[in-house]
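Here the structure comes first, spelled out in structure tokens, and everything after it is commentary.
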Amino acid sequence: MNSKTAIAPGSFDPITIGHENVILRAAKLFDKITVAVCNNSQKKYCFSLDERFFLCQTVFEPYPNITVVKCKTLLTKLYQEENACAIIKGVRNMEDCGYEFELATINQEMGSVETLLFPCKNGLGYISSKMVREFGTYGADIIGLVPDSIEQYVSKKFGTKE
């Protein structure tokens, strides 16, 4: 039997309930999901790569078919190393769709990489890591924006919980 692996890449700075929702939905369709915590040279991060990796590991620890890795290479290389059949990307709106469509096209051209775009669950389209960081920076409550299993850690990072 051929095992079907998908990669769910992202910077996850921090991981939100939207990311969690997309990955858990994909985990029902594939034998294995590899969550790839990536760095983007265009971004300044609030959480270090190690912290983002830890947060993702904490969120997905209960799920035996989900593993978390630090991605320090091109996504197409990880795709080959994992013998993956798809990349999973969540999209919240048409702007996300346009951006992810461009990346999907480039990845397809570079290495015959297939990308599946998952629309976010109704009611989660407004949640972004950027919004969580903004709320956290100003001491606002982030309950319901990040997974429950990491809410205290993320709040403590922003100094909103002791």
Got a second to check how far [X]'s [atom1] is from [Y]'s [atom2], nearest 0.5 Å?
X      : Y      : atom1 : atom2 : result
Ile17  : Leu24  : CD1   : CG    : 11.5 Å
Cys71  : Asn39  : SG    : CG    : 9.0 Å
Ile88  : Leu29  : CD1   : CG    : 7.5 Å
Leu145 : Glu151 : CG    : CD    : 9.5 Å
Ile7   : Phe30  : CD1   : CZ    : 11.0 Å
Thr105 : Met110 : OG1   : CE    : 13.0 Å

Tell me if a side-chain donor or acceptor on [X] pairs with a main-chain N or O of [Y] at a distance below 3.5 Å.
X     : Y     : result
Arg52 : Cys38 : yes
Glu51 : Ser48 : yes
Tyr79 : Ile87 : no

Worked verdict on Glu82 versus Thr5 for side-chain hydrogen bond (donor to acceptor under 3.5 Å, both in side chains): CA-CA 7 Å; Glu82 291 285 319; Thr5 298; 5.6 Å; no
Aromatic ring pairing Phe12/His19, orientation class (parallel under 30°, perpendicular over 60°, tilted between): perpendicular
Quick check: is [Y] connected to [X] through a chain of hydrophobic side chains (ILVMFWY, heavy atoms under 4.5 Å apart)?
X      : Y      : result
Leu75  : Ile106 : no
Leu49  : Val146 : yes
Val113 : Leu103 : no
Val35  : Tyr45  : no
Phe118 : Phe101 : no

Min side-chain heavy-atom separation Ile142-Ser155 under 4.5 Å: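 Yes, close enough: below the 4.5 Å cut-off.
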Note, Phe53 side chain near Val68 side chain (heavy atom, < 4.5 Å):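 Contact flag for Phe53/Val68 side chains = yes.
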Cation-pi, Phe47 ring and Lys157 (6.0 angstrom, 45 degrees):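 So Lys157 does make the cation-pi contact.
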Whether over 12 other heavy atoms sit under 6.0 Å from Asp148 CG: no
Pair Ser112, Gln108: side-chain N/O donor-acceptor within cut-off below 3.5 Å: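 Looking only at side-chain atoms, Gln108 and Ser112 do not form any donor-acceptor pair under 3.5 Å.
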Worked verdict on Lys32 versus Ile66 for side-chain contact (heavy atoms from CB on, under 4.5 Å): CA-CA 6 Å; Lys32 178 184 173 194; Ile66 301 175; over 6 Å; no
Intermediate values then yes/no, side-chain contact (heavy atoms from CB on, under 4.5 Å), Thr76 and Leu78: CA-CA 6 Å; Thr76 53; Leu78 180 63; over 6 Å; no
Exercise: identify the closest heavy-atom pair between [X] and [Y]:
X     : Y      : result
Ile15 : Ile150 : CG2-CD1, 3.4 Å
Cys46 : Phe158 : SG-CE2, 3.6 Å
Ala27 : Ile33  : CA-CG1, 3.7 Å

Stepwise side-chain contact (heavy atoms from CB on, under 4.5 Å) test for Val37 and Val69: CA-CA 6 Å; Val37 182; Val69 300; over 6 Å; no
Expected list for residues 123-133: side-chain donor-acceptor pairs under 3.5 angstrom, two or more places apart:
{"unit_1": "Ser128", "atom_1": "OG", "unit_2": "Met131", "atom_2": "N", "d": "3.0"}
{"unit_1": "Ser129", "atom_1": "OG", "unit_2": "Pro14", "atom_2": "O", "d": "2.6"}
{"unit_1": "Arg133", "atom_1": "NH1", "unit_2": "Asp13", "atom_2": "O", "d": "2.6"}

side-chain hydrogen bond (donor to acceptor under 3.5 Å, both in side chains) assessment of Lys43 paired with Ser11: CA-CA 9 Å; Lys43 291 184 179 182; Ser11 51; 3.0 Å; yes
Lys89/Asp96 ion pair, N-O < 4.0 Å: no
Trace of the side-chain contact (heavy atoms from CB on, under 4.5 Å) decision for Asp31 with Asn65: CA-CA 6 Å; Asp31 300 316; Asn65 69 326; over 6 Å; no
